[in-house]
2 protein chains.
Amino acid sequence: MSLVEGKVQVMSLRHAVLGLLSESPASGYDLMKLFNASLTSVWPATQSQVYGELNKLTTAGLVEVAAHGPRGRKEYAITDDGLAELRHWLTEIAPTGPQRHDGLLRVFFLGILTPLEAQSYLLTQAETAARAHTAYEQIDRTAEWDDEMISVYGRIALEYGLRMTTTMEEWARWAADEVTSAKARKAGELARAQRGRERPEQDEQPAGERPSGD
Amino acid sequence: MSLVEGKVQVMSLRHAVLGLLSESPASGYDLMKLFNASLTSVWPATQSQVYGELNKLTTAGLVEVAAHGPRGRKEYAITDDGLAELRHWLTEIAPTGPQRHDGLLRVFFLGILTPLEAQSYLLTQAETAARAHTAYEQIDRTAEWDDEMISVYGRIALEYGLRMTTTMEEWARWAADEVTSAKARKAGELARAQRGRERPEQDEQPAGERPSGD
DNA sequence: CTTCGACATGTCAAAGTTGGAATGTCGCTG
DNA sequence: CAGCGACATTCCAACTTTGACATGTCGAAG
């Protein structure tokens, strides 16, 4: 009926809500708990966003109020149109990779710090990753993988977290090491340069190894 | 009562600009090229954002117009205050981890698709990661690691990309496999259940009705 | 029966982000 | 010298995100 056209936007908040409602009907309040419980690290949302989105989705006919409860509670359920939209999003819209990585952005500018400060930053990153990893392990142990569908894909998403935090920690430790090596190299160069002032001539650079383009 | 004092905001765009200017003076146009070249995958920015931020930074005294060029070109340079702010951000503000992972969000809802569709999604993710990895390798080969400082930290950031894409691809392939296993398990259960009623049949299509009427 | 915490929804301002349009200059090439 | 492409800036409208504030109801404990 009402095909909304012209919109090619991502709008994943909308799909996160639809996705949660595809598993079971819920109120805005319930959804907030779900967002804070399972989607915090994947797609954070605030109350105002969730309630606002529910109203928009209702207007668009993608969800409907299935039941009214005690405190003005409105229990929403996904409609056929909503399910179709969710399927469409899952199968036909290419996902955008993770973007805006605050922690990595800093790495580009670590050069203005001393090597020691830079190392400290990287090691803190390693520790943060390690703690996140532990938290995921905790969830893994505590979670009740009862529902078959949720079980499989919930487990898969969790595994993503486990693997990424591991890689992150390893990378950060490796990077901290790199900084040490670079510092050592630089110290060596300085020593050579110093020697060079007394004996100027021998260049330590092996000629012909520098980038001559591609 | 409510005196608004002090901002605890993240504002990494600001720091991205400051960081780039800490390496060398540049115009808004130059910065745009840098954003598109090296920071695309870490902190994307549009023209309007960069030019707007430059004006705000100038007002705040964190950068200054160091020179005027041909086409109304304004070459900005970071000030001492700007450098201090950048250091402050690097050393004292805790980074926020990567958030809003579109691709992973979908994984949570893959249950509404058929196992085959879900697998297809995961394998596409694997390929995307592999392509990204190749792209990073390409950069690694082509990049001119001339400046010592940029060299070290640029290389470290690149390594992050290389490792993360590898992990991502491995995870996605593993996940696709998991789905196969789960399907097999489920098929087994179904067969057992069916044997109770009737003779077992080669179940290949789990009777998923596709939503007609689109 | 009063109070309190959990339940439940709604509204708002400010900041950040997106994508595009409008405007104009310089420098090279035909 | 006309035209074009790269250089260069500014402004804007729409949308998303954040965080706080406002309002009110139900149920159980004291």
Side-chain angles (χ1 to χ4, degrees), chain A residues 4 6-17 25-37 39-60 63 65-76 96 98-102 105, chain B residues 1-17 25-37 39-60 63 65-76 96 98-102 105:
Chain A
V4 188
K7 295 282 185 183
V8 200
Q9 302 183 38
V10 184
M11 290 205 293
S12 293
L13 170 67
R14 159 160 303 196
H15 298 106
V17 170
S27 68
Y29 193 83
D30 294 338
L31 288 177
M32 272 316 295
K33 278 192 294 189
L34 289 172
F35 265 101
N36 289 329
L39 297 185
T40 336
S41 54
V42 173
W43 206 275
T46 59
Q47 267 193 349
S48 24
Q49 267 183 300
V50 170
Y51 283 109
E53 195 59 49
L54 281 171
N55 287 329
K56 282 188 228 160
L57 284 166
T58 306
T59 305
V63 306
V65 178
H68 288 269
R71 278 154 269 229
R73 172 191 173 91
K74 288 186 272 186
E75 201 167 71
Y76 292 89
T96 65
Q99 286 177 330
R100 298 251 145 71
H101 196 313
D102 193 20
L105 176 63
Chain B
M1 276 310 183
S2 49
L3 287 185
V4 186
E5 294 180 7
K7 291 178 282 186
V8 201
Q9 301 180 43
V10 184
M11 292 205 292
S12 293
L13 170 66
R14 160 161 302 196
H15 298 105
V17 171
S27 69
Y29 193 84
D30 293 337
L31 288 176
M32 272 316 294
K33 279 192 292 188
L34 290 172
F35 266 100
N36 290 330
L39 297 185
T40 337
S41 54
V42 172
W43 206 275
T46 58
Q47 268 193 346
S48 20
Q49 269 183 297
V50 169
Y51 283 107
E53 196 59 49
L54 280 171
N55 287 328
K56 281 188 229 160
L57 284 167
T58 306
T59 305
V63 306
V65 179
H68 289 269
R71 277 152 271 229
R73 173 191 174 93
K74 288 185 271 186
E75 201 166 69
Y76 292 89
T96 65
Q99 284 177 330
R100 298 250 148 73
H101 196 312
D102 194 19
L105 176 63

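Just so it is clear: chains get the letters A, B, ... in the order the sequence lines come, proteins before strands, and each one is counted from 1. Predicted model only: the values in this text are computed from it and were never measured.
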Any B:Tyr51 side-chain N or O less than 4.0 Å from OP1/OP2 of D:dT10: no
Closest to side chain of B:Arg73, choosing from C:dT18, D:dC26, D:dA8: D:dA8
Atom-pair distance (CG on A:Leu54; P on C:dT11), nearest Å: 13 Å
Side chain proximity check, B:Leu39 to B:Leu34, heavy atoms < 4.5 angstrom: no
Between D:dA8 (P) and B:Asn55 (CG): distance, integer Å: 16 Å
Under-4.0 Å side-chain N/O to phosphate OP1/OP2 contact, A:Arg100 with C:dT18: yes
Heavy-atom side-chain proximity of B:Leu105 to B:His101 below 4.5 angstrom: no
Proximal nucleotide (of D:dC12, D:dT10, D:dA8) relative to the B:Tyr29 side chain: D:dA8
Nucleotide C:dA8, atom P - distance to CG of A:Asp30 in whole Å: 6 Å
Side chain proximity check, B:Glu53 to B:Met11, heavy atoms < 4.5 angstrom: no
Minimum-distance nucleotide (side-chain atoms of B:Thr46 versus C:dT18, D:dT10, D:dT18): C:dT18
B:Gln49 side-chain N/O to C:dT18 phosphate OP1/OP2 under 4.0 Å: yes
Value in whole Å for how far the C1' atom of C:dT18 lies from CD of B:Glu53: 16 Å
Interatomic distance, B:Asp102 CG vs D:dT16 C1' [rounded to whole Å]: 14 Å
B:Tyr51 side-chain N/O to B:Tyr29 backbone N/O, donor-acceptor pair under 3.5 Å: yes
Whole-Å gap separating P (C:dT18) and CE (B:Met32): 11 Å
A:Gly72 vs A:Gln47, nearer the 5' end of DNA chain D by closest nucleotide: A:Gln47
Length of the CD-P vector between B:Glu75 and D:dT9, whole Å: 10 Å
Among D:dG27, D:dT17, D:dA6, the one nearest B:Arg71 by side-chain distance: D:dA6
Proximity to the side chain of A:Met11 - top-ranked nucleotide from D:dT16, C:dT18, C:dG16: D:dT16
Nearest-neighbour nucleotide for the A:Ser27 side chain, D:dC12, D:dT17, C:dA8 considered: C:dA8
Closest-nucleotide ordering on DNA chain C, the 5'-leading residue of A:Pro70 and A:Ser48: A:Pro70
Backbone of B:Asp30 reached by a side-chain donor or acceptor of B:Ser27 within 3.5 Å: yes
Separation of atom NZ in A:Lys56 from atom C1' in C:dT11, rounded to whole Å: 14 Å
A:Lys74 side chain near C:dC7 phosphate (N/O to OP1/OP2, under 4.0 Å): no
